[in-house]
Every structure is written in C-alpha cells, then in structure tokens.
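Below is one structure, written out as structure tokens, with a few remarks after it.
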Amino acid sequence: MESPAAYSLLPFRFKKLGAQYLMVSEGGEHAFLDAPHFFETVTGQLTTESPIYRDLVARHLLREQHDTSFLPIVAAQVRSRYSPSLQGVALHIVVVTLRCDHGCPYCQVSRQGCSKDGFDLPASMVAPIVDRIFESKSLILTIEFQGGESLLAFDRIAEFVEAISERNRNERRSIRFVIASTLHHLTDEILQFCMQHDIYLSTSLDGPKALHDRNRPLPSGSSYDRTVAGIERARRAVGKDRVSALTTLTRLSLSQPRQIVDEYLSRGFSSIFLRPLSPYGFASRTAKALGYSVDEFLTFYKTAMDYVFELNRSGVYIEEAYFRLLSQRVLSPAATQYVDLSGIAGVGSSVLVYNYDGDIYLSDESRMLAEMGIKDLRLGRVTEPLQAFADSAAFEVIDDELLHLDQPGCSECAFLPYCGTDPVERLLVRRRTGETRIAGAFCRRHMGLFEYLFGFLADRDSDVTAIALSWLRPTGRAVGRTNPAQVAA
Ligand code: SF4
C-alpha cells in the first residue's frame, strides 16, 4: 500500500457544488474533486500515485515538500487580478449635460428638459477636467461622455476631445473616446468629427420596439425607430465595430429573453449585455413597478443564456458580454479592465466621474447616490488637483468597503479571486440595516452567476466551456465601464 505523499496544502477556498467540491487557489486556479478525493487531499492522505496529485500541484493547490517554485507564480497571478485598480485612474466619465428628451422611468440622473438652462457643463470646466485626466498616471485612458443626452451638448464634447488630443501630443497616452447616447441627435458634422477622432458610440437598445418604447418613452414619437436609425447611420459613418449597444432590463423585459436576444441579432450585433436595473437614483423610487428580485433576474438570465448557447451551437455567433467577462476572470490569468470585477473597488482608484456642475464623484453610483440626497461620496471640485482628494472625507466614509479580501462573507468565499465589490451598495446596506456581512444584491447576483458558470465547468460533457473560450479571443475593443462589450480582453 502506498504511503501518503509529503505535501502541504497551499491556501485555498472551497465550495460544495452538487456532488463535487470546488477548490480555488489564491491565484484563481480551480479544480473539482469528488468527496473521497477532497477529504483525502485536505487530511494529507493523498499519494503521489493518485490521479489527481500532479494536477493539484500544477494548479497550485498543493506544494511538494521544500518546493518554493510556486511563490513567484502565485504572486504574479494575484498581482494580475488586482492590477487594474493599481495602475491609476483609467476611466474618466464626463457628464456633459443633464438635459434629455426622454422620460425613462428608470433614469438615474435626474434628467432635465431639453430647453432648461444651467444643466450643461460650463466651458470653464473643460481645462481643469483635462488637467485632472492627465494627472492620472494610467498610460491607458478611456474618456466616456455621458448625459442626460450627451449629444445635446456635443459642442462641449468636441472641446474636450480637441483639448485632450492636443495635450496628448506630448503625453503620448493610449486614449479612447466613447460617447454614450441615444444616437437620436446625430448629424453629418457630428459623425464626421467622430470619424476624425476615432470615437466609439455606445447606445441603449432595450429589446423589440414595443418593449424599448415602453422602457424609454419619447413624447415626440418612437424612441426605438430613432435609435435603430441612429445605429445604422452611425455604423455607415464610423464602422460597425465602433457602435455598441446595451440593454437595461426592467420587469417588463423578464418575459422576453429570446425576443431581446433576437432583437440584437436582427440589428447585426454579435454581443449583448443583459444588464440588470441599478438600485440607485430614480430607479429605487420606481422599484415596485420596474424592479425584480435577484432570483427573478437569474431565472431570466439563464433562460436567455440557454438561447444564446443554442444559437452558438447552431453556428450563430453571439456572446453575452458579462458571461464572457466572468469566464475570463475564471479561465484566464490575464487582468480584465472592468472595474466592477476587480477585487479592489474601482471607485476613485480606476474611475472618476466629473459631474456637469463641477463636482467630482468616486463612481457613477456615487453620483446617483447624490441624486438621492446622499452626498458623502463627493470627492471635491474639478478645480482641485487629484492629489488633494487623497484626504477626502469620501474615502473615509467608504474605506471599509473598498477591498473585498477582508470583508465578512467575501473573505471565505470560494469565488473571491474572480469577484468584485460594490462599495456604494455596501455603504447603503450598512447604513440601513447595520449589517456587516454581505447581504446585498451585488453579492447574491454574483454568487448565482458564479455557481451557474462553475456548473458548466464541472460538467465535462458540457460544450459551454468551449463556447465561452471562443468568446475570449482578443478583440481590441475599447475599455469602458457602462458596457462590458467595450471592455478589452
Ligand atoms: S461579493 Fe459575494 S460572491 Fe462575491 S466574493 Fe463576496 S461573498 Fe463571494
């Protein structure tokens, strides 16, 4: 009889999924073990002849006696997973106006009527914001213009793009511009400018016409018709790969998973982001009519994904952007630039929001929270240098929520190496309930999504892993936040 091998367990997390035990290393490698093998492993009874011994050593879940070669490898894996939050602020969101002609009930930014004065970012703010952007040490910068309807203040966007491009002649950073817009207000001049400056356009398409128009009512006619026309016009001018769309899911959307996917296919998109409703801003006040539980979202999501996988099996390429991101976090050691899935919250470290009124916020959610009257996460004014914000009271408020490693609930979670954190939600939950363990929708949603993904990985007969891997090829997409379809691999 073989005697047990001389090995030590390396730090790992585990979770029982069905009949199997999922083991996850500190660097994010994973293995599935049946119960006998799992208990043999953790009690030091594994022999070198065991069929899983070499595999567990290779995945840095075990180390052979006196072997230290794992150290630099695991250190590099951990560094890579946290790196997006350590390289300086890469995403700068500029809110150029609050004006908008839509009446979306889920709007989160207290939109204002098109003809109202005082809700555009003043021209005097352009130079200080450009200074703040270049104070970031990140070599890769994404500048995303948002509204309201951002194209109602296109002149301001143009001023930014020209000032940033001019400054970048010396700075030589890698810069992407993204305009988030309904695309209703495109003109030949705007498209010409977008072409000249290699600007990406990101729009909202919530599904088939009836659903889109219910979600995004426009007093002057069909929002859907104008958005679809805008997508086609923009594609003709700047190219198909420069125009992306994302969907916001309301309660109305939940009964139409296949129809929403079909709408994206019929519009020529090969990527869809099934984005749940954010709990902040206006949406929380209308939550009863529009909202749904995490369980309802997950049921919808899985039905939609069944269809997405079915389409891929039949030779139709369409990816779901968030499933791709989660798969990338699990299957690849390479860092993703999507700040919501970086273990250190991106707030203030990899994203900043410059509001139309000259205030700077830690994140988009922080700005939405301010619309609810909670202004604690306002960093300061755009006229102050970034360095001055290091001592901001906003960081004191949110300090405990920034890193998920030390959070009760997260610290022992098997999915921690792949997951992120939503510090704004944590702050709200803590204030409302005094709860310190994770109890929010972010955690419950991600717990469900990771269990869903690992269910496929555990099943050797499933072809979903191969489908997900086919989505991970390098795409060269822009790095954005609001739309993971724009996140570079
Ligand atoms: S947020 Fe939830 S799913 Fe994510 S690491 Fe923390 S406990 Fe796990």
Side-chain angles (χ1 to χ4, degrees), residues 11-18 20-32 74 77-85 274-280 293-299 301-302 305 322-333 335-336 338-347 349-351 363 365 398-458 481 484:
F12 73 96
R13 301 158 196 283
F14 72 98
K15 188 171 179 70
K16 191 161 186 286
L17 291 175
Q20 301 195 70
Y21 284 83
L22 167 69
M23 289 180 79
V24 178
S25 77
E26 207 65 353
E29 293 177 274
H30 75 273
F32 283 102
V74 175
Q77 289 171 333
V78 172
R79 190 167 54 240
S80 166
R81 289 190 179 277
Y82 289 96
S83 61
S85 300
L274 298 169
R275 183 176 66 152
L277 205 57
S278 168
Y280 311 114
S293 67
V294 171
D295 285 345
E296 287 172 306
F297 167 74
L298 289 172
T299 301
Y301 187 81
K302 290 173 189 176
M305 290 307 292
Y322 210 67
F323 195 86
R324 171 168 60 80
L325 261 177
L326 296 177
S327 303
Q328 188 175 356
R329 292 290 286 168
V330 172
L331 298 172
S332 161
T336 56
Y338 192 64
V339 294
D340 287 2
L341 284 181
S342 172
I344 305 170
V347 290
S349 63
S350 47
V351 54
S363 67
E365 291 80 5
I398 213 159
D399 229 15
D400 289 345
E401 326 291 343
L402 286 176
L403 184 63
H404 69 174
L405 268 173
D406 60 354
Q407 296 294 330
C410 290
S411 58
E412 64 265 33
C413 177
F415 304 132
L416 178 130
Y418 320 117
C419 198
T421 179
D422 180 348
V424 176
E425 184 197 58
R426 282 172 181 273
L427 183 72
L428 273 181
V429 170
R430 186 155 53 85
R431 287 205 174 161
R432 284 175 179 164
T433 66
E435 179 68 76
T436 51
R437 280 188 72 84
I438 310 308
F442 179 92
C443 173
R444 283 181 282 123
R445 188 169 71 251
H446 283 84
M447 194 70 83
L449 291 172
F450 281 120
E451 285 181 6
Y452 180 56
L453 170 59
F454 274 103
F456 292 118
L457 299 180
R481 162 96 195 306

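Atoms within each ligand, like the ligands themselves, are counted from 1 in listed order.
A heavy-atom distance below 4.5 Å is not found between the side chains of Phe415 and His446. Leu457 has its side chain within reach of Leu331: a pair of non-hydrogen atoms, C-beta onward, lies under 4.5 Å apart.
When distances to atom 4 (Fe) of ligand 1 are checked against a cut-off of 2.8 Å, Cys410 contributes no N, O or S atom below that limit. Taking 2.8 Å as the criterion, Cys413 counts as a coordinating residue of atom 8 (Fe) of ligand 1, since one of its N, O or S atoms falls below it.
Every atom of ligand 1 is numbered from 1 in the order shown, and the set under 4.0 Å from a heavy atom of Gly409 is 7 (S). Counting the atoms of ligand 1 from 1 in the order shown, those under 4.0 Å from a heavy atom of Leu416 are 5 (S).
Of the inter-residue distances, the one linking Leu17 atom CG with Phe32 atom CZ reads 6.0 Å to the nearest 0.5 angstrom.
In the displayed structure, Phe456 atom CZ is contacted under 6.0 Å by more than 12 heavy atoms of other residues, nucleotides or ligands.
Heavy atoms from both the backbone and the side chain of Cys443 come within less than 4.0 Å of ligand 1.
Using cut-offs of 30° and 60° for the angle between ring planes, the Tyr418 and Phe450 rings count as tilted.
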